[in-house]
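Each ligand, and each atom within it, is numbered from 1 in the order the structure gives. As the structure is a prediction and not an experimental result, all values here were calculated from the model.
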Amino acid sequence: MSNTSSREIRLASRPKGIPTAANFKLVRTELGPLQEQEVLVRNLFMSVDPYMRGRMNDGKSYVPPFELGKPLEGGAVGEVIESRAKEFKSGDVVSSNLGWREFFVASPEALHPVNREIQPLSVYLGALGMTGMTAWAGLNLVEVKAGDVIYISGAAGAVGNVAGQLAKIRGCRVIGSAGSEEKVLFLRQECGFDIAFDYKTGPVVEQLNVEAPDGIDVYFDNVGGETLEAALSALRVHGRIIACGGISGYNEEKPRPGPSNLFNMITKRLTMKGLIVRDWLDRQREFEQEVGGYFRAGKLKNKETVAKGIDQAADAFIGLFHGQNIGKMVVKLT
Ligand SMILES: NC(=O)c1ccc[n+]([C@@H]2O[C@H](COP(=O)([O-])OP(=O)(O)OC[C@H]3O[C@@H](n4cnc5c(N)ncnc54)[C@H](OP(=O)(O)O)[C@@H]3O)[C@@H](O)[C@H]2O)c1
């Protein structure tokens with residue numbers, strides 16, 4: 001086959017504070033004909049995720065930084081257009097970490113087959129993808145069980161809404177906070193949260209006191225900062241914290257001091273466990289069976305906010321830091 005023309009987004013400069021359009025560059029590229037053991041994929045959907053902000057900084061972390069002038073990477077679902085590898089044939093649907101581009105050429109090892117019968121295929125970036133698996137892993141990490149009162153911050157986002165729905169399935173009482181009235185209604189009416197409140201309308205510590213006067217057993221932290229501090233106050237003796245994310249600090253140039261009330265860890269004998277979803281990849285099949293089963297049975301909602309076109313991808317990513325998504329933020333590329 002002849003060359004394929006594609007567009008990709010490269011990191012033009014490292015953001016300072018909240019990223020802006022100037023940090024990204026949309027570039028047209030030409031992909032040459034396939035070599036032996038190569039597969040040409042057209043991305044249908046790509047993911048934008050808060051963790052990518054950390055990779056835009058220079059410096060050491062649990063994943064290497066994105067390189068200036070190189071295409072960004074991230075979760076994507078695409079369709080095989082042409083294959084010179086026996087593992088895949090034209091028409092197969094695959095997930096990969098080669099998002100932020102319209103087409104790509106890869107070896108079969110970089111691709112993971114997915115079932116095209118399950119629709120929309122973007123679910124493999126959300127409830128049945130990395131963020132859904134993060135929610136599931138977080139609940140397993142601290143053994144969330146029936147009867148637990150769990151508070152989830154960032155609750156209307158990709159990880160948060162699935163964590164809440166799965167906690168309801170486990171028989172928990174579920175409390176969530178999010179940044180608008182529309183999100184609060186989504187949590188209550190569509191995700192089955194028992195209680196949801198808007199953290200922008202008053203201090204979280206006060207709202208938690210009202211909504212959970214007897215305290216909480218588990219805190220699923222997506223946000224960090226003041227919300228973590230509020231949860232430390234609200235947790236009961238032997239409470240557990242799932243340390244999943246800290247988006248309130250991702251755009252700060254200097255790290256903020258930690259919670260002023262960390263002494264609660266001692267007085268209440270709390271447990272706080274850090275989560276990196278990649279550590280759970282050996283349990284991916286178990287996740288797919290359990291959570292995929294809920295999705296197919298209609299017990300789990302996959303809520304998405306969909307941006308359209310690769311030229312909208314940078315704005316979709318920036319929108320995460322302005323609360324512009326309900327559920328998983330994805331970009332539809334075709
Ligand atoms: N540990 C892991 O392996 C792992 C894996 C995936 C994700 N994560 C983390 O989990 C968290 C949620 O990720 P996600 O993919 O589900 O993202 P998300 O919640 O779908 O999107 C980001 C949301 O964060 C909220 N937000 C933005 N700026 C904020 C701020 N300054 N303070 C409080 N909230 C803010 C916004 O909602 P509001 O309108 O409600 O403010 C926004 O919609 C992130 O911290 C992410 O880094 C961790």
Side-chain angles (χ1 to χ4, degrees), residues 17-19 46-57 61-63 74-75 97 99 122 125-127 129-142 151-166 176-187 191 193 196-201 203-204 207 219-231 241-252 256 272-281 283-284 287 302-307 316-331:
I18 295 186
M46 58 161 270
S47 180
V48 290
D49 297 276
Y51 80 86
M52 295 169 175
R53 176 64 186 84
R55 293 194 68 188
M56 290 173 189
N57 295 334
S61 185
Y62 68 100
V63 270
N97 199 40
S122 49
L125 303 177
M130 185 275 284
T131 54
M133 186 153 170
T134 304
W136 175 83
L139 299 186
N140 287 328
L141 184 70
V142 303
Y151 164 51
I152 303 166
S153 59
V159 174
N161 90 84
V162 175
Q165 294 184 68
L166 294 178
S177 60
S180 71
E181 186 54 29
E182 187 189 2
K183 291 185 180 189
V184 165
L185 287 178
F186 160 67
L187 293 173
C191 299
F193 280 52
F197 62 87
D198 179 349
Y199 70 90
K200 292 182 176 163
T201 60
V204 176
Q207 301 207 58
Y219 171 47
F220 198 123
D221 190 15
N222 288 312
V223 163
E226 281 167 33
T227 314
L228 171 59
E229 204 163 275
I241 302 171
I242 303 148
C244 174
I247 194 167
S248 71
Y250 289 179
N251 292 300
E252 308 229 324
R256 259 185 277 168
M272 183 173 190
K273 287 193 177 177
L275 170 70
I276 293 289
V277 65
R278 258 192 349 199
D279 296 348
W280 290 69
L281 287 180
R283 291 180 67 180
Q284 183 147 7
F287 158 72
N302 176 55
K303 178 79 171 180
E304 304 176 330
T305 298
V306 185
F317 172 68
I318 295 165
L320 294 170
F321 303 103
H322 298 289
Q324 284 170 2
N325 58 307
I326 300 188
K328 178 79 189 88
M329 184 76 104
V330 294
V331 184

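- Considering backbone and side-chain N/O atoms, Tyr199 comes within less than 3.5 Å of an N/O atom of ligand 1.
- At a heavy-atom distance under 4.0 Å, only side-chain atoms of Thr131, from C-beta outward, approach ligand 1.
- An N or O contact shorter than 3.5 Å links Lys183 to ligand 1 by distance.
- Looking at Pro50 next to ligand 1, no N or O pair under 3.5 Å apart turns up.
- For the residue pair Gln207 and Ser177, no side-chain donor N or O sits within less than 3.5 Å of a side-chain acceptor on the partner.
- Residue contacts with ligand 1: Cys244 is placed with a nitrogen or oxygen under 3.5 Å of a nitrogen or oxygen of the ligand (distance criterion only).
- The protein heavy-atom contact nearest to atom 43 (O) of ligand 1 is Asn325 OD1, 2.5 Å.
- At least one N/O-N/O distance between Val159 and ligand 1 falls below 3.5 Å.
- Shortest contact from atom 42 (C) of ligand 1 to any protein heavy atom: Leu320 O, 3.1 Å.
- Heavy atoms of Met130 found under 4.0 angstrom from ligand 1 belong exclusively to the side chain.
- Taking only nitrogen or oxygen atoms, main chain and side chain alike, Thr134 does not reach within less than 3.5 Å of ligand 1.
- At the shortest separation from atom 24 (O) of ligand 1 among protein heavy atoms lies Ile247 CD1, 3.6 Å.
- Contacts between Val223 and ligand 1, counted as non-hydrogen atom pairs separated by less than 4.0 Å, involve the side chain only.
- Given atom 32 (N) of ligand 1, the protein heavy atom at minimum distance is Ser248 CB, 3.6 Å.
- For ligand 1, the polar-atom distance check finds no N/O of Ile276 at less than 3.5 Å from any of the ligand's N/O atoms.
- When the heavy-atom distances from atom 44 (C) of ligand 1 to Ile326, Asn222, Thr227 are ranked, the shortest goes to Asn222.
- Using 4.0 Å as the threshold, Arg278 has no heavy atom nearer than that to any atom of ligand 1.
- Backbone and side-chain nitrogen or oxygen atoms of Ala158 are examined, and one is located within less than 3.5 angstrom of a nitrogen or oxygen of ligand 1.
- In terms of protein heavy atoms, atom 46 (C) of ligand 1 is closest to Tyr250 OH, 3.7 Å.
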